[in-house]
Amino acid sequence: MSATSARPSHAAQPSGSAFILKKALISAAVALVLFSLMIGVRTEAGPQGGLIYWTRFGDLAALVGTVFGGSIIIELLRQWWGPVDKDRIVPKPVQSAMSFAGRWLAPALLVFAFLVPVIFYNQRYILDLSILVLTYVMLGWGLNVVVGLAGLLDLGYVAFYAVGAYSYALLATNFGLSFWVCLPLAGILAAFWGVLLGFPVLRLRGDYLAIVTLAFGEIIRLVIINWQSLTGGPNGVSGIPRPTMFGIPLTPGDDGLAAKLGIEFSPTHRIVFLFYLILAMALLTNWVTIRLRRLPIGRAWEALREDEVACRALGINVTTTKLTAFATGAMFGGFAGAFFATRQGFISPESFTFQESALVLAIVVLGGMGSQLGVALAALTMIGGFELFRGFDQYRMLVFGIAMVLLMIWRPRGLIGHRAPTVFLERNQAISSDLVKEGHG
Amino acid sequence: MDYFAQQLINGLVLGSIYGLIAIGYTMVYGIVGMINFAHGDIFMIGGFIAMISFLVLVSLGLTAIPLILLIVLLVSMVITALYGWTIERIAYRPLRHSFRLAPMLSAIGMSFVLTNFSQVSQGARVKPVPPIITGGYTLHEGSQGFAVQLSNIQIVVVLATIVLLAVFTWLVSRTRLGRDMRACEQDQTMAALLGVDVDRTISMTFVIGAALAAVAGMMYLLYYGLVDFFMGFVAGIKAFTAAVLGGIGSLPGAMLGGLAIGLIETFWSAYFSVEYKDVAAFSILIVVLIFMPTGLLGRPEVEKV
Amino acid sequence: MSSDHILTVDRLMMRFGGIVAVNELSFAAERRKITALIGPNGAGKTTVFNCITGFYRPSGGAIRLAHDDGRTIQLERLGDFRITKQAKVARTFQNIRLFPGMTALENLMVAQHNALMRASGLTFLGLIGAPSWRAAEQRAIELARTWLDRVGLLSRADDAAGNLAYGDQRRLEIARAMCTEPVLLCLDEPAAGLNARESGGLNELLLSIRNEQGTSILLIEHDMSVVMEISDHVVVMDYGVKIAEGTPQAVRDDPKVIAAYLGADEEEAIAVMESGT
Ligand SMILES: Nc1ncnc2c1ncn2[C@@H]1O[C@H](COP(=O)(O)OP(=O)(O)OP(=O)(O)O)[C@@H](O)[C@H]1O
Ligand SMILES: [Mg+2]
């Protein structure tokens, strides 16, 4: 903090129209240089194979103009708004209102989640989207154990998602095992891989850990792509069996659920079933995590995030503590993967790229490290927001990236910025995130 | 033996390119302590700018190849450096004293922005350029008709890397900027109190890192004859791996790591399988880190208790 | 007086590259007594602690811990966490190392990790909420409450450790170490940064830990009033070697000790002493 004090305070910052204009002109000039070749000139492979190009100076001018205008607007807003600090962005009364709402938000969301298939029964799109959001909520909650509680950075979480998905897909297509048998197997296999990844990374800290987990995720993906005889390579695995309701298939046939219940078959039944399935799985994840936090293992995870040296001095085996965190997070990832496979009926390595890991990590960090409710809200925001841009197909990832940058700048500590204690004598009071450490690992 | 020598040459050339990118990672890490995930995409942007400026210059009627290359080099270094500067200003500076993961995620977001910006603005298809630097030498004529080749472009890549490294080493060890950079690396607060302009020094770090990545991008374009919007991701991860392998924060380590990754990749492809070359590189990284948790040349982290 | 030694340090060596931080150091700490380790800055005191508690692996020598039941444990062969878990040695740090984002109570619960881990059936019994686990947890909370009370922090039980005042943090760290139920407690400058009243309270706390719990204490301290008042035996180090040892009074009057602290020759120190008295 002391480094900031060496800089002039906001109040001393020059204002006035000349300053704003100067700033806008500089921004525009920078934009002009940045975009000159990338936007001003469009290249394409020509019909003969060589490159051809054409100019787009109109687009360039429009973009530079936008930057100029945008810069003026932002600067005006900033001066009108005044110095930006935390209290200003979220005024005190709003904060207390939010903490009040926070108490009711989780139950309200839960009730709403249960009602989604009832309310939107005829809107297949919304049901599909809800399933997607819940899948990410579950992934977020799973990764939260590793990153949010234990403070270990994992950039390759998608590997466990992939292990879960492929475990189910291969066991089901090759050995005809049912979803309900494969689900625990997928979790166990993913946990096993979590421990396997855990071993080399135990001694590593910070960014060394980051790259090793990232490398691990890539290794798994590359092996899936290249081990064609087992995984089908880039073509993936198709014809993955759909889940049954404990043995009763959700099909139009005579032995299907609809026929047994004597109601008319509708494909929506399966979607609704899938919805409740993932909801139950996510809630189980949540319940287990909340439970674990109040057990010695969960407290040890959080203590590890706070101070590893102190943990060692208290006789905590840091190695097994880290391994259990990796294994638990991986197991939840594996469950989610098995669900993904059964929902899609088809999986390929394309679904398990680094982008996916980054997305889940963004959900955890944006949620506010360690906060279960925050992670759910962040998943809803990110996946829902992402869907809003479905129409602008090619700009979608661009907007997504910009949103990620802006969200981080807006709330570097995440949406829910405090930690709830796991045990108390008299008062159950939240702990400000300023005190909570983020871990070195 | 000839085959081995040939792979050695190829590996060193590839390693030089990785090394140039890795320096950018390591510099930023040393000073700001963050992984600049967008750096691989800066390299990609460098390659694109080189490709576009080359195309424009040729169509303007310029024919002297050395002159063209010189202009292309300057243009791509300048513009790409400005990308580095802008990104630091927009996405990293507001998060400088915040939570450790926030700037990293901001960087991942920025990487998505750059990848997709280039896809949207230049299209998704691979952009091929004709071979620009041709010719070469046959170093050794083997008995079974296998000859060890050293192409001119390989010479250019290695020479450019050596020259840049020399300039860069001089910059860091002999100039005022280099001193400021080392001061910021040690202790930003103290450096600021002693009159070092920390903001400017950090900006310059990003500018230099981006300029080196631009050179790498141009070399890649010349060497492989193509660029595409997704090349930043793979090259970025490899270079980052190289930086960590060498010991992140260590400049010679970055170059050493780059060469190591280049050689591992080339030899693995040559003797085992092309498909698993990346798996080999990543696995070796993991194995090295198990035994040397701070990389080859990284300072061992002793935690005083 | 071949009495009952809980800890015996035998020709301990610790080198860092060229620096010899601890050089052939031998001393012993008596059971149920307070042994002080003193010496000027950089003498190597914290390094000795780090060797005893397994944070550093000694370059040479032996550290033996003799339990009440006659078991002897070679501490230098055990790695960090096992020293607390199996040998029952606990420590505090010169720079306080609490879990700042957890409450005072949670800090003390973490300290009972190993006992609670067993009680929770390695988590599985705890997950299903078995009654035996609930009872164990309740007992752990009671133990924590007892210690919070003894260090005078009961009213701050639910506050984040990072929000406590400096002196409170020091005492919380001692309480946390005691929650591991150690036979030997190693305190690294517990009185640093405390005012006179607080350090008086600390003396009482340490004496009560020795008398009531029967815990042996090894203490690094610069504050001579604390050392003189509560320690039974004092070991003085300088430049990694032991220069004196004995009762507080004997050590206080030893010219070698005064010379080390004043950074002067022995003769000068004697001169100082004589002119002073
Ligand atoms: N991890 C380490 N690496 C290198 N040198 C070390 C290390 N730990 C301690 N030292 C050196 O060992 C010597 C003794 O340090 P130590 O911290 O043990 O002193 P101390 O007696 O505790 O001093 P103080 O009263 O200031 O706490 C010092 O010279 C210190 O620099
Ligand atoms: Mg010390």
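Residue numbers begin at 1 in each chain, while the letters A, B, ... track the order of the sequences. In this text the structure is predicted, and so the values were computed from the model without any measurement.
Among A:Ala310, A:Cys311, A:Ala303, A:Pro421, the residue with the largest count of heavy-atom pairs under 4.5 Å with chain C is A:Ala303. Counting heavy-atom pairs closer than 4.5 Å to chain C, the top residue among A:Ile431, A:Asn317, A:Val288 is A:Asn317. When C:Thr180, C:Asp159, C:Leu154, C:Leu148 are compared by the number of non-hydrogen pairs under 4.5 Å with chain A, C:Asp159 comes out ahead. Between chain A and the residues C:His113, C:Arg176, C:Lys85, the most heavy-atom pairs under 4.5 angstrom are made by C:His113. Ranked by heavy-atom pairs shorter than 4.5 Å toward chain C, the options A:Val436, A:Val318, A:Val423 are led by A:Val423.
The distance from atom CG of A:Leu323 to atom CG of A:Leu197, rounded to the nearest 0.5 Å, is 9.5 Å.
Contacts of C:Gln86 with chain A are absent, with no heavy-atom separation under 4.5 Å from either backbone or side chain. Using a 4.5 Å cut-off between heavy atoms, A:Arg427 contacts chain C through both its backbone and its side chain. Looking at C:Thr92, neither its backbone nor its side chain comes within 4.5 Å of chain A, counting heavy atoms on both sides. Proximity to chain C involves both the backbone and the side chain of A:Ile316, based on heavy atoms less than 4.5 angstrom apart.
In this structure, the side chains of C:Tyr56 and C:Val22 stay at 4.5 Å or more apart for every pair of heavy atoms. In this structure, A:Trp301 and A:Leu292 have side chains that are in contact, with non-hydrogen atoms separated by less than 4.5 Å. Looking at heavy atoms from C-beta onward, A:Thr289 lies out of side-chain contact with A:Asn144 at the 4.5 angstrom threshold.
Close approach to chain A, defined as a heavy atom under 4.5 Å from one of its heavy atoms, is seen in C:Leu98, C:Phe99, C:Pro100, C:Gly101, C:Met102, C:Thr103, C:Leu105, C:Glu106 of residues 98-108 of chain C, taken by number.
In this structure, A:Phe332 and A:Phe335 have tilted ring planes: the angle between them lies in the 30° to 60° band.
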